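As structure tokens, the structure follows; a few thoughts come after it.
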Amino acid sequence: MSDVLNSVSASVERLSAAARALEMTAARLEQREAAISGDVQKITAAVETNGDSLRRELELERKLALAEQEITTLMAQVSSIQSGAASHAGVRKTLPPATVQLLAKGGLDSLDRLDTGALDAALSGLGIEQRIAVKSQLLRSGALIS
Amino acid sequence: MRLEAMAMSMPEVAGHPNRVPFEGVLTVVDEASTRAPSGARGHRVILTRAAAMEALPSLLGMAIGFTPGWDGHDVRRKCGLITEADLIGKELRVQGYLYGRDFPEVVQQVEGGKPGTMGMSYELADAHVADMRADVWTVTRAMFTGAAVLLREKAAYRNTSFRLRGVQARHSLAGAGGEARQAKSMRLAAVDDFYLEQKGKEARWR
């Protein structure tokens with residue numbers, strides 16, 4: 001008998017706890033609903049000729065125009081960078097092995113960091129015709145810009 | 001196309017000098033306003049079909065107002081009355097009459113301008129907005145407390161309209177003869193037509 005009573009008592013406690021939780025949830029939902037939805041005393045479907053609404057609209061339009069202008073400028077910059085990168089990527093940087101060896105002997109291992117002073121120093125041991133030939137190959141490959 | 005309608009019966013008074021029938025599109029439902037209406041804190045507004053349907057009875061008997069600049073509402077300048085409201089498709093169409101003798105400038109403005117110049121604007125009270133944080137407010141419940149005739153460019157909804165009924169007949173006759181008397185007789189005929197039609201509607205809706 002006492003087991004039955006204990007069981008019933010436990011069930012009642014669980015039920016009341018559930019009821020309390022439900023009440024709290026309902027209250028929270030009501031608060032959320034009130035925060036999202038709302039009543040407006042008066043709306044007239046005419047555009048305000050002065051006042052906050054018009055000012056806000058004009059401000060937004062001004063900001064939109066500025067943003068559009070910025071977007072256009074940025075798009076142009078991006079397009080310019082992309083076309084530059086594309087033309088750069090299109091450069092053929094292959095050189096004959098003999099030329100590469102000559103440059104390597106002069107201390108130029110990479111064409112990416114090629115500068116005029118370093119190139120002249122690297123080619124100083126060569127004759128004038130060989131220097132011209134190497135520079136021509138570098139120009140053709142795009143590693144050297146005239 | 002869905003059609004919902006409501007009308008109030010008016011006693012027929014043939015040749016009433018102060019009643020000039022009009023018709024117009026007050027607003028469109030389930031579509032965002034072209035611009036933010038006054039009182040909507042810069043938000044554009046969608047009036048739902050359900051809200052408009054529920055509010056139709058509140059529109060009947062409400063007044064038409066105007067401002068001297070034809071750019072908004074003036075609740076103290078009431079120049080006419082709405083007697084019928086129909087929800088046809090997305091358009092909330094209204095009919096009624098202007099107090100033509102009391103407000104000849106309103107009749108002149110509506111009659112004299114280019115077609116499509118004039119529009120309408122509703123006035124809502126106790127509007128319930130589903131989500132105040134939304135970019136476009138959705139009105140799910142409201143009551144109509146009036147309307148205004150104004151320049152269409154000043155209306156928050158671009159697709160509104162306002163015109164006098166039978167105005168084309170009056171124009172053509174006045175243009176041919178230019179006689180005020182003839183124009184007046186046509187206006188009275190238009191009024192008679194209006195009431196005959198109203199009478200039919202009254203029977204229909206009873």
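In what follows, every chain begins at residue 1, and chains take the letters A, B, ... in the order their sequences are listed. No experiment lies behind these values; they were computed from the predicted model shown.
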Could you work out, with salt bridge (charged side-chain N to carboxylate O under 4.0 Å, His left out) as the rule, every residue matching A/Lys135, not counting sequence neighbours?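 With neighbours one apart ignored, the set is A/Asp120.
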
| salt bridge (charged side-chain N to carboxylate O under 4.0 Å, His left out) involving B/Glu31 - partner list, sequence neighbours excluded |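 For B/Glu31 the salt bridge (charged side-chain N to carboxylate O under 4.0 Å, His left out) partners, ignoring immediate neighbours, are B/Lys90.
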
Next item on the list: Check B/Ala148 against B/Gly72 and note the closest heavy-atom contact, atom names and distance.
Entry: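 Reported closest heavy-atom pair: CB-O, 3.7 Å.
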
Does B/Asp74 form a salt bridge (charged side-chain N to carboxylate O under 4.0 Å, His left out) with B/Arg76? I'd like the steps, not just the answer.
CA-CA 5 Å; B/Asp74 184 342; B/Arg76 298 295 181 105; over 6 Å; no

Can you give me every donor-acceptor pair (side chain of residues 8-15 of chain A, partner residue at least two apart or in another chain, under 3.5 Å) with its distance?
unit_1	atom_1	unit_2	atom_2	d
A/Ser11	OG	A/Ser7	O	3.0

Looking only at heavy atoms, which of residues 137-147 of chain B get nearer than 4.5 Å to chain A?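 Residues in range: B/Trp137, B/Val139, B/Arg141.
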
Checklist entry - Any sub-3.5 Å donor-acceptor pair from B/His43's side-chain atoms to B/Asp135's backbone N or O? => result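 Yes; judged by distance alone, with no hydrogens or angles, the pair exists.
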
